Q: 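This structure is in structure tokens; I'll ask about it shortly.
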Amino acid sequence: MEQRVRRSGTRSDEDRLENLILKLPVEDRIIFILHDLEGFSYSEINPYFRDMIIDELKTIVIRTRNYLMENLGL
Amino acid sequence: MTCEEVKISLHDYIDEHLDLLEKKEIEAHLRGCDKCHNEITRLRNYFNTIKSIPYTIEAPEEIIQKFSRDLISLSREEPDGKNTSFAFEDEKIRKEQKKFEKKLKSERGPSRKSDVSATIVRNSTGGFKSLSYIEWKKFIIMPVLIAAGFAGYFIYDFQKYNSPWDIQLKTGTAIVNGRLNSTGKISQGESLSLDKQSVAVIEVPNTGNVEVNSSSYIVLEEAKNGANRIRVKEGSIRVVNSADIPDLRITVNSSLITDKSGIFTVDIDEASNAKINVEKGYLEIPSVRGSYNLAAGYMCEIKNNHSPGTPYRIDAADTLKNEVDRFDYYNGGDLSVRNIISIAGKKDMLTLLAMIPAVSQLQRQILFQSIANHFPPPTSVTRLGIMKADGEMLYKWWEEIVWQLQ
């Protein structure tokens with residue numbers, strides 16, 4: 001289950017980003033959070049997704065970034 | 001370096017994965033190219049945005065727990081049972097962590113590790129010096145709580161496994177994991193290989209069945225309620241659902257297709273290019289532009305080493321199919337978009353809708369108008385939302401069109 005942890009800043013911005021992130025497929029969401037938000041490297045994440053090679057993890061992160069940038073109007 | 005090459009490497013550049021020479025080449029290009037410079041600025045803005053918003057989302061708790069637990073056990077692993085290696089391993093991990101965080105800070109600002117993972121990393125690498133009473137208390141209680149939580153989760157999770165699955169042979173013989181199968185079962189992690197004379201049907205618990213055609217090779221990647229997954233490596237399969245809420249995902253090349261009920265086929269040719277045809281219901285297809293739904297009567301291609309392409313009607317004109325192929329895989333650009341719009345008939349509007357996230361603002365306006373001519377958007381869908389390729393609005397419009405096409 002996703003958790004709300006702390007809040008500050010503009011609530012609508014947070015909600016918007018949160019909604020976008022929640023729309024991601026579960027696996028993509030976990031990989032994005034671990035890499036781009038938590039700061040873990042691909043090689044650290046890779047052992048937990050044994051059916052994927054690092055390039056596949058990269059593809060997912062890039063796809064997620066493009067999706068978020070597009071939907072955030074960046 | 002060309003703009004295309006730079007575009008491909010920009011994410012590696014910002015993640016500090018390039019060597020010095022590649023980095024300099026990119027930087028030289030960025031200095032002289034406004035377009036690519038704008039792209040890197042866009043990426044930097046992206047990191048500023050996600051950095052500026054506090055931790056509103058966490059990965060599912062069980063994943064963080066498992067990840068953190070494994071990090072602890074990895075950091076405390078003592079090769080050959082020698083205690084003396086503990087300090088050395090700690091030091092090594094600390095150095096690796098500092099090195100990685102330094103890289104991240106230089107590009108994205110201070111580390112954002114959440115309270116959960118930061119605490120775990122601190123506990124696992126910080127040694128045992130100068131721990132206060134409260135920290136000692138935490139140190140004793142935390143492993144007990146984590147162990148209890150993990151044990152509970154493990155039992156809960158274990159109950160979900162539904163392996164082995166039944167295989168019914170229609171003709172010929174089934175080879176499971178390289179051996180002639182006599183049990184009529186396939187377990188998680190095992191492969192099923194069929195020759196030219198053989199056809200088999202696999203029963204998927206709580207979902208329906210998968211017909212595996214001749215000359216096919218599949219792997220049962222996960223046999224677990226809520227996460228059943230089959231990888232199709234060669235040949236073709238046909239999935240027939242008999243459940244209201246299907247529970248099956250299919251891995252094709254590196255894409256994960258989610259079954260949303262109905263009947264569909266997956267065909268993989270000799271070059272490992274796949275075609276997905278939906279006869280009934282719909283599928284959720286991942287894409288570089290965000291996932292889209294593949295409706296009944298539509299199909300899409302997933303070429304080897306590529307993301308899934310734009311969906312098109314199974315009965316669409318060959319000219320339309322060829323133009324979609326050019327748009328997806330051969331940089332068809334503006335010309336392809338114009339051609340597709342001019343060829344597409346009323347029944348092809350889901351193709352146009354799926355293209356919206358992938359095209360420029362101008363083209364979105366044209367696509368919006370073209371689709372609206374046949375299917376006016378529902379009241380909750382606005383032009384502005386579609387211009388922004390809002391996922392929810394695209395989905396609502398998709399639902400409306402599918403309903404009207406039925």
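Bear in mind the structure is a predicted one, so any value in this text is a computation, not a measurement. Chain A is the first sequence line, chain B the second, and so forth, proteins listed ahead of strands; every chain is numbered from 1.
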Q: Enumerate the salt bridge (charged side-chain N to carboxylate O under 4.0 Å, His left out) contacts for residues 355-364 of chain B, please, sequence neighbours excluded, ordered by first and then second residue.
A: E70(A)-R364(B)
Q: What part of E392(B) is in contact with chain A, defined as an atom under 4.5 angstrom from a non-hydrogen atom: side chain, backbone, both or neither?
A: both
Q: Let me know if S254(B) has heavy atoms under 4.5 Å from chain A in its side chain, its backbone, both or neither.
A: both
Q: Nearest 0.5 Å, what's the CD-OG1 distance between E222(B) and T251(B)?
A: 9.5 Å
Q: Name all residues meeting the side-chain contact (heavy atoms from CB on, under 4.5 Å) criterion together with L74(A); count only those two or more places apart in sequence or in a different chain, and write none if there are none.
A: M69(A), L72(A), R42(B), N45(B), Y46(B), T49(B)
Q: Hey, could you give me the OH/CG distance between Y42(A) and D55(A), rounded to the nearest 0.5 Å?
A: 9.5 Å
Q: Quick check on L10(B) against chain A: is it the side chain, the backbone, both or neither that has a heavy atom closer than 4.5 Å?
A: neither
